[in-house]
Peer 1: 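This is the structure I have questions about; it appears just below.
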Amino acid sequence: MQNIYEDIAIIKNNDELFTELFAYKDIKIERIVSKSFKNGSWMLQDHDEWTVLIKGEALLEFNDRNVSLKAGDHIFIKAHEAHRVLETSESALWLAVHFKN
């Protein structure tokens, strides 16, 4: 048994920490802690991703739109859909589920 709120390492400003919580077959679940993160790199993944913001706020950028998220909001990102994190609040906490079709 684990708790997603425990063992969150202290990270520096404008940084993110990725921790794999679970992996089985073609599914991976990771916890992401963002601390005042800004201007992330563009990502183009070869798998689908469902992400929920558990704590804080975030702004994501896609080729055709920006999406503002608050705690409780979730979003599905299709494989090969270019996206990046523009910014997050002081201590944003995410869960991301990565899976292949």
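Counting from 1, the numbers follow the sequence of the chain as shown. These numbers were taken from a predicted model, which means no experiment stands behind them.
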Peer 1: More than 12 non-hydrogen atoms from neighbouring residues, nucleotides or ligands closer than 6.0 Å to OH on Y24, yes or no?
Peer 2: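 Result for OH/Y24: open.
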Peer 1: Under 6.0 Å between ring centres: does that hold for H74 and W50?
Peer 2: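 When the ring centroids of H74 and W50 are compared, they turn out to be within the sub-6.0 Å range.
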Peer 1: Over 60° means perpendicular and under 30° means parallel, so tell me whether H98 and H47 are parallel, tilted or perpendicular.
Peer 2: perpendicular
Peer 1: Within this structure, what is the CG-CG distance for the pair D73 and L60, rounded to the nearest 0.5 Å?
Peer 2: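 Going from CG on D73 over to CG on L60, the span is 10.0 Å.
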Peer 1: Under a single-linkage rule joining Ile, Leu, Val, Met, Phe, Trp and Tyr whose side-chain heavy atoms are separated by less than 4.5 Å, which residues share a cluster with L59?
Peer 2: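 Members other than L59 - counting any ILVMFWY side chain reachable under 4.5 Å - are L86.
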Peer 1: Can you hop from F22 to L93 via hydrophobic side chains spaced under 4.5 Å?
Peer 2: yes
Peer 1: Spell out, as yes or no, whether a donor-acceptor pair under 3.5 Å connects the side chain of S91 to the backbone of K35.
Peer 2: no
Peer 1: Measure the shortest side-chain to side-chain distance between W42 and N63 over non-hydrogen atoms and say whether it is less than 4.5 angstrom.
Peer 2: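 A side-chain contact under 4.5 Å exists here.
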Peer 1: Measure across L21 and L95 and return the closest heavy-atom pair with its distance rounded to 0.1 Å.
Peer 2: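 Here L21 and L95 meet closest at CD1-CD2, 3.7 Å.
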Peer 1: Which atom names give the shortest non-hydrogen contact between L53 and A92, and what distance separates them?
Peer 2: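 Reported closest heavy-atom pair: CD1-CB, 4.1 Å.
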Peer 1: Can you hop from Y5 to L17 via hydrophobic side chains spaced under 4.5 Å?
Peer 2: yes
Peer 1: If you measure from CG on L69 to CH2 on W94, what distance do you get to the nearest 0.5 Å?
Peer 2: 5.5 Å
Peer 1: NZ of K28 to CZ of F18: how many Å apart, nearest 0.5 Å?
Peer 2: 9.0 Å
Peer 1: Where do A82 and L44 come nearest, in terms of heavy atoms and distance?
Peer 2: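 Heavy-atom minimum between the residues: N-CD1, 3.6 Å.
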Peer 1: To the nearest 0.5 Å, what is the distance between CD (E6) and CE (M1)?
Peer 2: 7.5 Å
Peer 1: Give, for atom CD of E16 and atom OG1 of T88, the distance between the pair rounded to the nearest 0.5 Å.
Peer 2: 6.5 Å
Peer 1: For the backbone of E57 and the side chain of S89, can you confirm whether one donor and one acceptor N or O come within less than 3.5 Å of each other?
Peer 2: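 Such a contact is found between S89 side chain and E57 backbone.
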Peer 1: Checking side chain to side chain contact (heavy atoms under 4.5 Å, CB included) against I4, which of I54, I29, T19, V33 comes through?
Peer 2: I54
Peer 1: So which atom in D48 and which in A79 form the shortest heavy-atom distance, rounded to 0.1 Å?
Peer 2: OD1-N, 2.7 Å
Peer 1: I'd like to know if the side chain of Q45 pairs up with that of E49 as donor and acceptor (distance under 3.5 Å, no hydrogens or angles considered).
Peer 2: yes
Peer 1: Tell me whether H83 contacts the main-chain N or O of E81 through its side chain, where contact means a donor paired with an acceptor under 3.5 Å.
Peer 2: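 Indeed, once roles are kept as given, a pair shorter than 3.5 Å links the two residues.
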Peer 1: I27 versus V97: any side-chain heavy-atom pair under 4.5 Å?
Peer 2: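 I27 vs V97: side chains touch.
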Peer 1: Measuring from E87:CD to S36:OG, what's the distance to the nearest 0.5 Å?
Peer 2: 9.5 Å
Peer 1: Do you know which two heavy atoms are closest between G72 and V52, and how far apart they sit?
Peer 2: O-CG2, 4.1 Å
Peer 1: Looking only at heavy atoms, what is the nearest atom pair of S41 and R84, with distance?
Peer 2: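 Looking at all heavy atoms of both residues, the closest pair is O-CB, 3.3 Å.
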